[in-house]
Each structure stands twice: as structure tokens, then as C-alpha cells.
*Asks:* 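Structure below; questions to follow.
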Amino acid sequence: MPSSGVPAEDGTGGSGRDVVPVTTEGLPEWLAPVARAARTVRPRQLSRFLPPESGAGRQSAVLILFGEGEHGPELLLMERSTSLRSHAGQASFPGGALDQQDGDPVTTGPLKAALREAEEETGLDPQGVQLFGVLPRLYIPVSDFVVTPVLGWWREPTPVGVVDPAETARVFTVPVADLTDPANRVTTVHPSGHPGPSFLVGSALVWGFTAGVIDRILHFSGWERPWDATRQVPLDWRP
């Protein structure tokens, strides 16, 4: 995957402990469309907000983790604590800023950060996760985060839950079938005035950056079903 700056799928893109394997080998067939989309999608196809050309911004990563649950394919999400300074109370992917220990922010740093943050926030065991793709880096202007979305397959599921209530309010999984259900799809208007796709799932309103990435994954993977984009709900929606 040369364009993403991460090791090749056979692990030859580096050596020693700096190698973080990224491979599609052994993925379930239903994840193949996501893997294909990750190899071909371009930044502008994911978002109009791209990293500053100056290189400014806080380097970060999120883990987009797919697994299989009682109701079929599912996605791991969490709800951020209301006491946080950035994106308080929002449903999101596990993730956060890169630390020095994560290493090179251009190559393996985001991979390590995505797994490390997921472990710190949800108790996830990284040993059970197979990374299979990396999406183009995106930008969140309100928090100045340059985000690398890292795709993972929950090959060996382990228990997850809130590790630090000061950071995470809850951890939950959402069936992909619920995300693609037109009845759960709505539009919300960001405080900046920009409308965006959102989801009413898991007793939560998923909006903003997280919802935008999910929306594009569904679209480019061919999973999207026609839905009414004129149906709006407020950001303070509650079930």
C-alpha cells in the first residue's frame, strides 16, 4: 500500500519491531468490498476537509474496527465523556493523538496509535485485531486534528468496555445492517452550518467526522441503500 506510507501487505515495508502488518489475507468475504475501497478511494471522495498543505495540525488516528456479532457484521464505537474538551459526548471511533512512542507519523505511527488508543479507551486486545487497510488522512478543523482512519478486522473478539470514565462514557457495537437501514439515516446540521449524514443507532446519534467516514465507507463499498437526506434531526436528539 505505497500511497498510504504503511508497510506492504507481505510485511516487507520495514523491519523489526517497527513493522505493523497490514494485510487482507484471511479476511471474511463480506469485508472484501471495504478492502477494495480502501485501495482506490481518494481524499476528496471522503471529505472536503483535508490536511493543511503546510503540514500543520495534530497528528492522530482512529481505529475503524469491524467484527461479527449476534446480528452479523458490526462496527465498534464509543461515546466520549461529556467532560472532554474536544468532541465531548459524541459517538466516535476509538482513537486519539499520536504519542512519541508511536513513531513515524507518516508510516507506522498512525497504525500503532490507533491500536494503542483503542486499548486505552475500550480495553481492546490489539493481538486479536488484523489491520487490513488505511484510508487517506482527513482533517477536523474544529479540533485541528489530522486523522488517519485505520481499518481493522476483529479476528479474535475480546471483552471491551469503559476503561476511564473521564474519557469514555460507554463502548458499544452497531450492526452494519442498522447503519445501512434507511430508517436509521438522517441529516444533522453542524454548529458551523454545514449539513452532514448521521445515524440513529445504538441509542446514539452518530454525526460529524465519524458519521461522515461511515457514510463514505458504506457508499464506496456498495453497501449504501437509498435514504431520505431531507430528514433532519437536531444535534441534541435523544431516543
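Worth knowing before you read on, the calculation uses all heavy atoms, side chains too, and leaves out hydrogens, waters and symmetry mates.
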*Asks:* Pairs in or reaching into residues 173-201: which pass ring-ring contact (aromatic ring centres under 6.0 Å, His included), with residues at least two apart or in two chains?
*Replies:*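 Sorted pair list: His190-Trp207.
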*Asks:* State, to 0.1 Å, how close Val162 and Thr168 come at their nearest heavy-atom pair, and which atoms those are.
*Replies:* CG1-O, 3.2 Å
*Asks:* Determine yes or no for a side-chain-to-main-chain donor-acceptor pair under 3.5 angstrom, with Arg216 supplying the side chain and Phe220 the backbone.
*Replies:* no
*Asks:* Under the side chain to side chain donor-acceptor pair (under 3.5 Å) test, which residues partner Ser47, sequence neighbours left out?
*Replies:* none
*Asks:* Which pairs count as salt bridge (charged side-chain N to carboxylate O under 4.0 Å, His left out) when at least one residue sits in residues 141-150, sequence neighbours excluded?
*Replies:*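 Pairs touching residues 141-150 that pass the test: none.
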*Asks:* For Ala113 and Asp102, work out which heavy atoms get closest and say how close.
*Replies:*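 Closest heavy-atom pair between Ala113 and Asp102: CB-OD2, 3.4 Å.
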*Asks:* Mind checking what makes side chain to side chain donor-acceptor pair (under 3.5 Å) contact with Thr188, not counting sequence neighbours?
*Replies:* Ser198
*Asks:* If hydrophobic clusters are built by linking Ile, Leu, Val, Met, Phe, Trp and Tyr wherever their side-chain heavy atoms come under 4.5 Å apart, do Val189 and Val186 end up in the same one?
*Replies:*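 No; Val186 is not reachable from Val189 via cluster members.
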*Asks:* Please, which pairs that meet ring-ring contact (aromatic ring centres under 6.0 Å, His included) have at least one residue in residues 37-78, sequence neighbours excluded?
*Replies:*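 Listed once each, the pairs would be none.
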*Asks:* If we only count heavy atoms from C-beta on, is the Val206 to Phe93 side-chain gap below 4.5 Å?
*Replies:*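 With C-beta onward as the side chain, the pair stays apart.
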*Asks:* Under the side chain to side chain donor-acceptor pair (under 3.5 Å) rule, collect the residues that match up with Asp181, sequence neighbours excluded.
*Replies:*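 Counting only residues at least two positions away or on another chain, Asp181 forms no side chain to side chain donor-acceptor pair (under 3.5 Å).
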*Asks:* Go through the structure and list residues passing side chain to side chain donor-acceptor pair (under 3.5 Å) with Ser54, not counting sequence neighbours.
*Replies:* none
*Asks:* Among residues at least two apart in sequence or on other chains, which ones pass salt bridge (Lys or Arg N to Asp or Glu O under 4.0 Å) with Asp215?
*Replies:*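 Counting only residues at least two positions away or on another chain, Asp215 forms a salt bridge (Lys or Arg N to Asp or Glu O under 4.0 Å) with Arg185.
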*Asks:* Going by the rule salt bridge (Lys or Arg N to Asp or Glu O under 4.0 Å), which residues pair with Glu79 if we only count those two or more places apart in sequence or in a different chain?
*Replies:* Arg170
*Asks:* Would you say that Thr173 contacts Val160 through its side chain, given a criterion of any heavy-atom pair below 4.5 Å between the two side chains?
*Replies:* no
*Asks:* Can I get a per-line list of side-chain donor-acceptor pairs under 3.5 Å for residues 26-36, giving both atom names and the distance, sequence neighbours left out?
*Replies:*
residue, atom, partner, partner atom, Å
Trp30, NE1, Glu68, OE2, 3.2

*Asks:* Tabulate below the donor-acceptor pairs under 3.5 Å that side-chain atoms of residues 224-234 make, not counting sequence neighbours, or state none.
*Replies:*
residue, atom, partner, partner atom, Å
Glu224, OE1, His219, ND1, 2.8
Glu224, OE2, Trp227, NE1, 3.4
Asp228, OD1, Thr230, N, 3.0
Asp228, OD1, Thr230, OG1, 2.5
Asp228, OD2, Thr230, OG1, 3.3
Arg231, NH1, Ala183, O, 2.8

*Asks:* Is it the case that atom CD in Glu70 sees more than 12 heavy atoms from other parts of the structure closer than 6.0 Å?
*Replies:*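 Count not over threshold, so no.
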*Asks:* Sequence neighbours left out, cut at 3.5 Å: what donor-acceptor pairs do the side chains of residues 117-133 make with other protein atoms?
*Replies:*
residue, atom, partner, partner atom, Å
Glu120, OE1, Arg116, NH1, 3.4
Glu120, OE2, Arg116, NH1, 3.3
Glu121, OE1, Gly95, N, 2.9
Thr122, OG1, Ala118, O, 2.7
Thr122, OG1, Leu124, N, 3.2
Asp125, OD1, Gln127, N, 3.0
Gln130, NE2, Thr23, O, 2.9
Gln130, NE2, Glu25, O, 2.9

*Asks:* May I ask you to test the Ser60-Thr148 pair for a side-chain heavy-atom distance under 4.5 Å?
*Replies:* no
*Asks:* Do any N or O atoms from the side chain of Thr180 and from the backbone of Ala177 form a donor-acceptor pair under 3.5 angstrom?
*Replies:*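 Between the backbone of Ala177 and the side chain of Thr180 there is a qualifying donor-acceptor contact (under 3.5 Å).
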*Asks:* Is the closest side-chain heavy-atom distance between Trp237 and Leu205 below 4.5 Å?
*Replies:* yes
